[in-house]
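Take a look at the structure below.
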Number of protein chains: 2
Amino acid sequence: MKHIVAALLAASATISPAFAQTTAAPVAVPVAEDFKPSSLNQPGQQYPQVNSQGYARFRIVAPDAKAVKVSLGLGGRGGTVLNKAIDGTWVGTSEGPLDEGFHYYHLTVDGGMFNDPGALNFYGSTRWESGIEIPAHDADFYALKDVPHGRVEQILFPSPSTGTQRRAFVYTPPGYGKTPHTRYPVLYLQHGWGEDETAWANQGHANLIMDNLIAEGKSLPFIIVMTYGMTNDVKPGSPGGLASFDIRPFQTMLLNELIPYVDRTYQTVADARHRAMAGLSMGGFETKLIAPKHLDTFGSIGLLSGGTFGVDDVNATPGFKDKVKLVFVSFGSRELEGGRARAPDGGPRPDPRANAAALKAAGVNSVFYVSPGTAHEFLTWRRSLHEMAPLLFRG
Amino acid sequence: MKHIVAALLAASATISPAFAQTTAAPVAVPVAEDFKPSSLNQPGQQYPQVNSQGYARFRIVAPDAKAVKVSLGLGGRGGTVLNKAIDGTWVGTSEGPLDEGFHYYHLTVDGGMFNDPGALNFYGSTRWESGIEIPAHDADFYALKDVPHGRVEQILFPSPSTGTQRRAFVYTPPGYGKTPHTRYPVLYLQHGWGEDETAWANQGHANLIMDNLIAEGKSLPFIIVMTYGMTNDVKPGSPGGLASFDIRPFQTMLLNELIPYVDRTYQTVADARHRAMAGLSMGGFETKLIAPKHLDTFGSIGLLSGGTFGVDDVNATPGFKDKVKLVFVSFGSRELEGGRARAPDGGPRPDPRANAAALKAAGVNSVFYVSPGTAHEFLTWRRSLHEMAPLLFRG
């Protein structure tokens with residue numbers, strides 16, 4: 001996700017800082033030489049590496065190249081420039097520590113964009129990008145543990161409106177299907193611009209977050225459905241940008257095709273009280289466009305770095321206070337730095353914290369969460385899911 | 001899959017030709033300028049392209065590079081060398097048509113190995129490689145069609161013997177789970193060396209092959225389980241090579257952990273008659289090591305470019321004739337060219353066709369299939385699954 005996405009998102013709170021910003025240390029601290037391979041490396045690959053302070057070190061084999069650069073490590077200043085080592089490899093370390101969590105990146109090798117052959121790939125920025133993981137201090141909540149695990153199921157469902165067989169991933173909780181009469185609530189969970197239906201499981205570890213929450217008894221078991229939000233035809237920053245985004249094709253597919261298919265083929269409770277919609281960034285934008293207009297379909301709403309709800313929104317939506325069980329809004333703390341920013345039309349953006357408080361005062365079950373020390377990036381969204389899931393389907 | 005894998009596979013029939021061999025036309029035929037983007041390109045990417053004759057054309061942006069090469073297109077001669085075009089991109093076309101079907105490849109850019117940013121990635125050769133698809137004349141059998149689709153489910157199961165939570169993918173046929181008392185047979189289907197548990201669905205389209213066969217009434221609906229065969233610690237060509245491969249860790253995990261987990265959590269018929277094991281290349285080698293010694297677990301056996309069964313094998317296995325319902329052996333026609341080759345120990349390799357015929361004469365339900373015009377590559381294995389599936393679980 002490039003920061004431009006958040007900056008342009010009309011409903012968003014503020015200009016987000018650069019993707020994977022580095023924090024210059026106030027005093028010179030030596031870089032700790034305890035680098036270990038990133039947990040997202042391809043099998044057997046030693047690079048990229050991460051140290052205990054969150055620095056990333058890259059090593060690329062391209063003996064005849066003139067210049068190799070990494071799009072990560074110097075927020076806003078174009079990344080980490082690698083230097084040719086004595087053995088002919090290209091090596092470099094980020095200038096400062098990276099934010100905890102997941103970051104997309106790519107290489108520029110002699111002017112061409114390539115992925116790091118050492119790293120696994122993740123779909124973001126409308127391409128499969130390299131990924132690196134800076135171990136977070138709270139990484140335990142999305143760790144793969146010896147607990148009962150749910151499944152992530154690829155379904156292919158017919159979509160007459162788009163003339164295709166479309167793909168979605170469905171998380172089913174541990175024990176799903178063991179008893180034929182047990183039925184589950186469903187969360188429809190959308191990715192952001194540039195991403196696709198693989199993001200929440202691959203980058204987000206949504207399945208592991210849920211497995212762990214359920215094992216600890218903190219969340220009710222529920223189904224999560226993740227499909228492609230048709231967002232990538234809209235190029236943020238291009239003429240028109242998000243303002244010209246047409247929600248209707250996605251909305252038609254979601255409401256008329258995917259939800260009926262899921263309710264037909266899974267053991268769901270097919271009512272609004274047991275159905276939620278949430279999304280990150282542009283997925284939140286989509287959620288805000290669709291869910292309030294379909295409160296007989298969705299009873300809970302989550303916007304993760306994807307806008308806010310104000311009292312005006314609630315007043316403009318008939319039945320909102322009665323029908324909506326939960327409004328969950330979250331951001332990374334770095335997205336909120338610098339206070340109120342200007343909206344694209346020149347007016348002030350709403351303060352999401354004040355908005356959430358006003359909603360609560362108006363009698364809506366409104367929850368606001370800020371992920372500490374993170375920006376418009378996946379650790380914000382992993383934590384947001386971890387905070388939101390225990391609140392869902394309780395009312 | 002590099003051809004060296006097949007060449008070293010002790011049970012294999014013959015030295016396979018080079019991976020993705022090109023066929024020099026006997027007379028000069030002009031290259032048809034009807035190139036279209038490969039069906040395995042990343043969204044929106046125009047290159048690589050394929051023409052109606054099976055030529056592949058590559059285009060790479062790397063304006064400051066000295067040399068760019070593709071590991072595909074000139075079987076045995078190191079690939080397709082790209083040349084710098086006037087616009088600064090690197091462009092080249094394979095010297096001849098490629099075999100129909102799926103091929104792995106990568107780029108060499110200034111001495112470094114990278115993937116093609118235009119293509120999707122597939123796990124092979126122990127790394128995520130670029131993939132390209134040459135449309136096969138019979139591609140319809142693995143096409144995504146408007147038929148009922150099964151699911152491909154990622155499971156994470158506990159494996160005390162390896163101290164991990166391991167991943168497998170489970171294909172469940174259309175309608176699975178709709179009726180709680182319907183139970184299904186299970187095929188355990190293994191990938192080859194260098195690959196992993198993603199191969200059969202991603203490269204193999206095993207789910208689409210089954211969806212189509214079931215829709216046509218040609219195959220019984222059954223479950224397919226695909227997990228990692230722990231094969232990649234063995235480097236073919238290295239000292240010891242496959243001869244030093246220890247089947248026991250995989251066998252323990254498969255028999256003591258995965259199969260009980262699947263029978264506990266899926267609607268299976270948990271007996272040998274309704275359980276099969278098959279594999280491609282090294283997965284066939286594993287199948288031959290495990291299944292005949294566990295005929296109370298597996299009642300059907302498939303070796304796809306992964307060795308043969310001879311009468312000696314049958315005679316050496318108590319109960320084989322009574323217990324085994326099907327022995328399916330297949331190869332690509334190019335793997336069989338040149339007749340008998342020498343085995344690594346210098347002795348003659350068995351002729352798989354003669355072996356299959358002798359088995360049949362000895363009273364075993366032995367089926368032998370040859371994929372026309374393909375080598376040690378995935379179209380051979382897609383076709384082999386398509387031939388094998390209708391025969392399974394009939395007895």
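Remember, predicted model here, so these are calculated numbers, not experimental data.
Interface remark: of the candidates Pro180(B), Ala67(B), Gly44(B), Pro63(B), Pro63(B) forms the most heavy-atom pairs closer than 4.5 Å to chain A. Interface check for chain A: of the options Gln165(B), Lys178(B), Gln154(B), Lys66(B), the most heavy-atom pairs under 4.5 Å are formed by Gln165(B). In terms of heavy-atom pairs under 4.5 Å with chain B, the best-connected choice from Asp211(A), Thr108(A), Val61(A), Asp146(A) is Asp146(A). Counting heavy-atom pairs closer than 4.5 Å to chain B, the top residue among Arg151(A), Gln42(A), His149(A) is Arg151(A).
Checked against Tyr184(B) for a ring pair (Phe, Tyr, Trp, His ring centres under 6.0 Å), the options Tyr176(B), Phe222(B), Tyr266(B) give a single hit: Tyr176(B). Screening Trp200(B), Phe102(B), Tyr104(B), Tyr105(B) for a ring pair (Phe, Tyr, Trp, His ring centres under 6.0 Å) with Phe122(B), the sole residue that qualifies is Phe102(B).
Within the 3.5 Å criterion, the main-chain N or O of Asp116(B) finds a donor-acceptor partner in the side chain of Ser130(B). Remark: the backbone N or O of Ala65(B) is not paired with any side-chain donor or acceptor of Asp110(B) at under 3.5 angstrom. A donor-acceptor pair is defined here as one N or O able to donate and one able to accept, closer than 3.5 Å; no such pair exists between the side chain of Glu129(A) and the backbone of Asn115(A). Judged by distance alone, with hydrogens and angles left aside, the side-chain atoms of Gln267(B) form a donor-acceptor pair with the main-chain N or O of Thr179(B) at under 3.5 Å.
For the pair Asp140(B) and Lys145(B), the minimum side-chain heavy-atom distance is below 4.5 Å.
Neither the backbone nor the side chain of Asp196(A) has a heavy atom closer than 4.5 Å to any heavy atom of chain B. If you measure heavy-atom distances from Tyr123(A) to chain B, the contacts under 4.5 Å come from the side chain alone. At a 4.5 Å heavy-atom cutoff, the contact between Val147(B) and chain A is made by backbone atoms alone. Neither the backbone nor the side chain of Tyr171(A) comes within contact range of chain B; no heavy atoms are under 4.5 Å apart. Of the atoms belonging to Thr164(B), not a single heavy atom falls under 4.5 Å from chain A.
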